[in-house]
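Within every chain, numbering begins at 1; the chains are lettered A, B, ... in the order of the sequence lines, protein sequences first and strands thereafter.
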There are 2 protein chains.
Amino acid sequence: MKETQLLKGILEGCVLSIIKEQRIYGYELVQTMRNYGFTTIVGGTIYPLLQKLEKQGLITSSELTSPDGPNRKYFFITTEGEQQLEDFKDQWSSLIVKVNRILEKNGE
Amino acid sequence: MKETQLLKGILEGCVLSIIKEQRIYGYELVQTMRNYGFTTIVGGTIYPLLQKLEKQGLITSSELTSPDGPNRKYFFITTEGEQQLEDFKDQWSSLIVKVNRILEKNGE
DNA sequence: TTAAACTAGTTTGTTTTACAAACTAGTTGT
DNA sequence: ACAACTAGTTTGTAAAACAAACTAGTTTAA
């Protein structure tokens, strides 16, 4: 991911991190993101993002039946995805430093 | 600014903060952003952003002659712009908390 | 003196993000 | 049978950020 795309693509890193940490399907991921404070996140944002990540080979999926409704598509992170996540974490840390350096001049 | 737009609009907050803290013109702002670590920022990103902010009434401008080249357009933050900057700072803090809460589950 | 390099800002077109909104379809409860 | 919930897809749109090309003034060096 290019450094500048990070400004837009923060959701991507969050999704990769959640998928790495737990076996999860799309609908549940939307609820999880909302619980983490992204209260306005909707399926129309997450599902296309999951499709993009899978196409890029950063995650894989397998469909399993649900006891409560239609089939669930579970996602799993790949080795490439884990590498991408590490890159994201580095760039996220460095973004915080840069932005805070700019903002701190103000708050004093 | 909507919470979700923050994911894209981080540059906007940085630009407002820099303009508040110093009398600056567009070309100089590009250099300043680069010095702060946004090394790939170019005029094609900053100038349209400045035009948008001025149209929204968050900054004003006045053109002054330069000793070194064409006229410079200096920018100044408005009261509305300062309010917007405070909003941005609040949302930026809360974004850091949310994203870090997601990522920290991973790093352990 | 003219051409390169630098300063300063604008404009056009493109890709990508994120979203709203509408949709299909299965299951549960009333 | 109908609403509410679960689960995922698709279409169209607005905005962000950028690349690239452009105009135009000034300075420096060949």
Side-chain angles (χ1 to χ4, degrees), chain A residues 1-16 19 23-34 38-56 58-59 61-75 88 91 95 98-99, chain B residues 1-16 19 23-34 38-56 58-59 61-75 88 91 95 98-99:
Chain A
M1 186 161 33
K2 287 181 62 179
E3 180 218 5
T4 50
Q5 297 304 327
L6 184 65
L7 301 175
K8 309 192 207 178
I10 293 172
L11 283 181
E12 180 180 316
C14 293
V15 165
L16 282 176
I19 291 177
R23 178 174 158 285
I24 199 167
Y25 55 98
Y27 189 80
E28 191 186 7
L29 184 56
V30 175
Q31 319 303 320
T32 301
M33 289 294 292
R34 286 172 163 264
F38 293 92
T39 54
T40 60
I41 285 289
V42 292
T45 298
I46 296 298
Y47 290 118
L49 174 55
L50 289 168
Q51 289 168 356
K52 191 198 77 174
L53 293 177
E54 187 166 21
K55 195 175 293 179
Q56 291 176 340
L58 305 179
I59 57 176
S61 70
S62 80
E63 216 166 316
L64 300 176
T65 56
S66 162
D68 305 322
N71 284 354
R72 296 169 174 171
K73 198 190 260 183
Y74 284 86
F75 293 95
F88 169 76
Q91 288 174 33
L95 179 67
K98 288 177 211 166
V99 174
Chain B
M1 185 161 33
K2 287 180 62 178
E3 180 217 4
T4 49
Q5 297 305 325
L6 186 65
L7 302 175
K8 307 192 206 177
I10 293 172
L11 283 182
E12 181 180 315
C14 293
V15 165
L16 282 176
I19 290 178
R23 177 174 159 287
I24 200 169
Y25 54 98
Y27 190 80
E28 191 186 7
L29 184 56
V30 175
Q31 319 303 319
T32 300
M33 290 294 292
R34 287 172 163 264
F38 293 94
T39 53
T40 61
I41 286 288
V42 291
T45 298
I46 295 299
Y47 290 118
L49 174 55
L50 289 169
Q51 289 167 356
K52 192 199 76 172
L53 293 177
E54 186 166 22
K55 196 175 292 179
Q56 291 176 341
L58 306 179
I59 57 176
S61 69
S62 79
E63 216 165 315
L64 300 176
T65 57
S66 163
D68 305 322
N71 284 353
R72 296 168 173 171
K73 198 190 262 184
Y74 283 86
F75 292 95
F88 169 77
Q91 288 175 33
L95 178 68
K98 288 178 210 165
V99 173

Whole-Å gap separating C1' (C:dT17) and CD1 (B:I10): 13 Å
Just how far, in rounded Å, is P of D:dG8 from CZ of A:R72? 8 Å
Which residue lies toward the 5' end of DNA chain C, A:G69 or A:L49, if each is placed at its nearest nucleotide? A:L49
C:dT16 C1' sits how many Å from A:L53 CG, rounded? 13 Å
Expressed as a whole number of angstroms, how long is the span from B:L50:CG to C:dG9:C1'? 10 Å
Mind checking if A:G44 touches a base, just sugar-phosphate, or nothing, with heavy atoms under 4.0 Å? base
May I ask you to verify if any side-chain N or O of B:Y27 is less than 4.0 angstrom from the OP1 or OP2 atom of C:dG9? no
Picking from C:dT17, D:dG8, C:dC19, the nucleotide nearest the side-chain atoms of A:E12 would be C:dT17
Do A:I59 and A:Q51 have side-chain heavy atoms sitting under 4.5 Å apart? no
Closest approach to the side chain of A:P70, judged atom by atom: which nucleotide of C:dC19, C:dT17, D:dT6 is it? D:dT6
Rounded to the nearest 0.5 Å, the CG atom of A:L29 sits from the CD1 atom of A:I24 at a distance of 5.0 Å
Answer yes or no: is there a donor N or O on one side and an acceptor on the other, between the side chain of A:T32 and the main chain of A:E28, under 3.5 Å? yes
Most 5' of B:Y25 and A:P48 on DNA chain C, judged by nearest nucleotide: B:Y25
Given atom NZ of A:K73 and atom P of C:dG26, what is their separation to the nearest angstrom? 16 Å
Interatomic distance, NZ@B:K55 vs NZ@B:K52, rounded to 0.5 Å, equals 11.0 Å
Could you give the OH-to-C1' distance, from B:Y74 to C:dT7, as a whole number of Å? 12 Å
Reckon A:Q51 touches a base, only the sugar-phosphate, or nothing at all at heavy-atom distances under 4.0 Å? sugar-phosphate
What's the CD-P distance between A:E63 and D:dT9, to the nearest Å? 8 Å
Nearest-angstrom distance from the residue atom CG of B:L11 to P of D:dC18: 6 Å
Residues forming a ring-ring contact (aromatic ring centres under 6.0 Å, His included) with B:Y47, sequence neighbours excluded: none
Does D:dG8 have OP1 or OP2 under 4.0 Å away from a side-chain N or O of A:Y47? yes
Need to verify one output field. Residue with the more 5' nearest nucleotide on DNA chain D, A:T45 or A:N71? A:N71
